[in-house]
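The structure appears below as structure tokens.
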Amino acid sequence: MDQRLHNSYFLKACRGERADRTPVWLMRQAGRYMPEYRAIRAKTTFLGLCKTPELAAQVTLDAQRILGVDAAILFADLLPILEPMGFKLTYEEGEGPKIHNPLRTAADIGALKAPDPRQSMPFVGGAIDLIRRGLPGDIPLIGFAGAPFTLAAYAIEGGGSKNHIHTKSLMLGDPGAWRALMQHFTRQITDYLLAQIEWGVQAVQLFDSWVGCLSPADYREHALPWVKQVIAAVKGKVPVIYFGTGTATLLPLVFDPALGAQDTQPDVVGIDWHTPLQRGWEIGAKAVQGNLDPVCLFAPRQAVLHKAAEVLEAAKGRTGHIFNLGHGILPNTPVDNVRALVDFVHAGLQA
Ligand code: CP3
């Protein structure tokens with residue numbers, strides 16, 4: 001890898017090395033809260049945007065440049081990987097993603113297609129290529145995918161869900177079918193991440209956004225083994241960030257040597273704002289990402305910076321902190337507050 005990328009603040013922190021300043025990027029840093037995003041988005045549908053490399057690249061590059069963050073993230077989404085497998089996906093205005101033929105039975109699982117993401121999602125490669133050419137030479141690009149459980153929850157429920165009733169019914173009622181589904185998604189996700197790495201990303205984040213709905217016992221049995229498989233396949237190539245919400249009781253299992261975690265620990269653990277940031281290091285992570293409550297950004301400037309200082313304080317004296325939010329930026333977040341936050345993190349805590 002290019003030395004400037006290798007020595008970037010972000011990748012140093014991913015490796016748990018001491019960096020001269022705390023790197024910062026923000027989940028969903030490109031999105032509707034930004035007028036530049038809305039202008040590009042007005043030209044096409046959300047899926048159209050994801051599938052047009054020139055536009056997707058521009059969204060990623062705009063966000064990195066406007067905010068001055070230490071890493072860029074590929075503009076894409078968790079769910080388009082489901083389309084080539086046979087799911088009918090749309091994004092409804094104001095409602096979020098919808099799958100019109102949700103998966104409910106073992107027969108549905110048998111009918112899933114398994115195309116190579118390199119061939120079925122070439123637009124992602126196109127976007128990565130354009131982004132890498134447009135980024136400053138010292139700014140890494142983060143790729144991402146949904147983790148097997150979270151992807152399955154969408155595929156089964158057909159969209160976002162409060163109680164995940166269909167997902168848990170299948171998981172608990174037909175463990176064989178669940179295993180087959182997890183195996184299928186794990187292969188697809190792994191190939192997709194490996195493709196992103198070949199196409200040129202410097203790190204990957206695995207989003208397990210909905211895994212917090214599981215008890216620790218169910219997580220350990222029905223979700224964690226597949227997370228580990230994905231991480232094992234990618235680890236050593238680029239740093240892996242593992243993020244979920246509501247994971248305070250689950251993350252220790254990810255790092256537990258008694259559960260064979262040695263080869264499958266993520267390089268970086270993402271912490272949501274319900275969990276103290278320090279827990280990341282306490283459970284054995286070398287690098288920890290997080291964890292400002294994204295809603296803080298709606299408060300007056302001084303309050304935003306006060307809460308940001310608390311996050312920096314929590315990481316003080318530790319190496320490997322990547323400043324981020326505890327979940328994605330929300331629509332309507334004031335852009336000026338986001339920029340002030342990034343500047344504040346870069347200035348660091350004053351003694
Ligand atoms: O800037 C970035 O972080 C890169 C792009 C990115 C998007 N989605 C763009 C997007 C990333 C990394 C994601 C991840 C994602 N997508 C997650 C995991 C993060 C999380 O919040 O837990 C999830 C659960 C999804 C699924 C998804 N996509 C939902 C629930 C929605 C609708 C709700 C919403 O926020 O709009 C989307 C749509 C989406 N993904 C938009 C963007 C910019 C907005 C779509 C629009 O322009 O209308």
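These numbers come from the heavy atoms of this one structure, side chains and all, not from hydrogens, waters or symmetry mates. Just so you know, ligand 1 is whichever comes first in the structure, and atom 1 is the first atom listed for that ligand. We count residues from 1, following the sequence as given.
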Report task. Give a yes or no on whether the ring-centroid distance for F75 and F144 is below 6.0 angstrom. Result ->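 No: the rings miss the under 6.0 Å criterion.
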For [atom], which candidate among [options] provides the closest heavy atom?
atom	options	value
atom 32 (C) of ligand 1	G96, P294, G31	G96
atom 14 (C) of ligand 1	I329, D208, L79, L78	L78
atom 19 (C) of ligand 1	F207, W210, F46, F144	F207
atom 47 (O) of ligand 1	Y33, F75, Y37	Y37
atom 1 (O) of ligand 1	A30, G244, P331	A30

Requested in this report: Could you tell me whether K168 and D218 make a salt bridge, using a distance below 4.0 angstrom between a side-chain N and a carboxylate O?
Outcome: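 Salt bridge absent between K168 and D218.
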Query raised in the report: Thinking salt bridges, do K98 and E93 make one under a 4.0 Å N-O criterion?
Result: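 So K98 does not pair with E93 through a salt bridge.
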Query raised in the report: Would a 4.5 Å heavy-atom cut-off, applied to side chains only, mark D267 and I231 as touching?
Result: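 Side chain of D267 against side chain of I231, heavy atoms only: no contact under 4.5 Å found.
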Query raised in the report: Heavy atoms, side chains only, cut-off 4.5 Å: are V254 and P266 in contact?
Result: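 Result yes, sub-4.5 Å side-chain heavy-atom pair found.
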Heteroatom proximity flag, [X] to ligand 1, N/O under 3.5 Å:
X	result
Q29	yes
R32	yes
Y91	no
W25	no

Report task. Determine whether the side chains of D138 and Y9 contain a donor N or O and an acceptor N or O closer than 3.5 Å. Result ->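 Note: D138 and Y9 side chains miss the donor-acceptor criterion.
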Query raised in the report: Can you tell me if P97 has a non-hydrogen atom under 4.0 Å from ligand 1?
Result: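 The answer is yes, since P97 has a heavy atom less than 4.0 Å from ligand 1.
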Report task. Give a yes/no on ligand 1: does F243 have at least one heavy atom closer than 4.0 angstrom to it? Result ->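 No; F243 lies far enough from ligand 1 that no heavy-atom distance drops under 4.0 Å.
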Query raised in the report: Taking the six-membered ring for Trp, are F243 and F207 parallel (under 30°), tilted (30 to 60°) or perpendicular (over 60°)?
Result: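 Judged by the thresholds at 30° and 60°, the geometry between F243 and F207 is perpendicular.
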Requested in this report: Walk me through it: do L103 and F87 pass the test side-chain contact (heavy atoms from CB on, under 4.5 Å)?
Outcome: CA-CA 9 Å; L103 182 153; F87 291 96; 3.8 Å; yes
Report task. Answer with side chain, backbone, both or neither: which part of A76 has a heavy atom less than 4.0 angstrom from an atom of ligand 1? Result ->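 Answer for A76: backbone.
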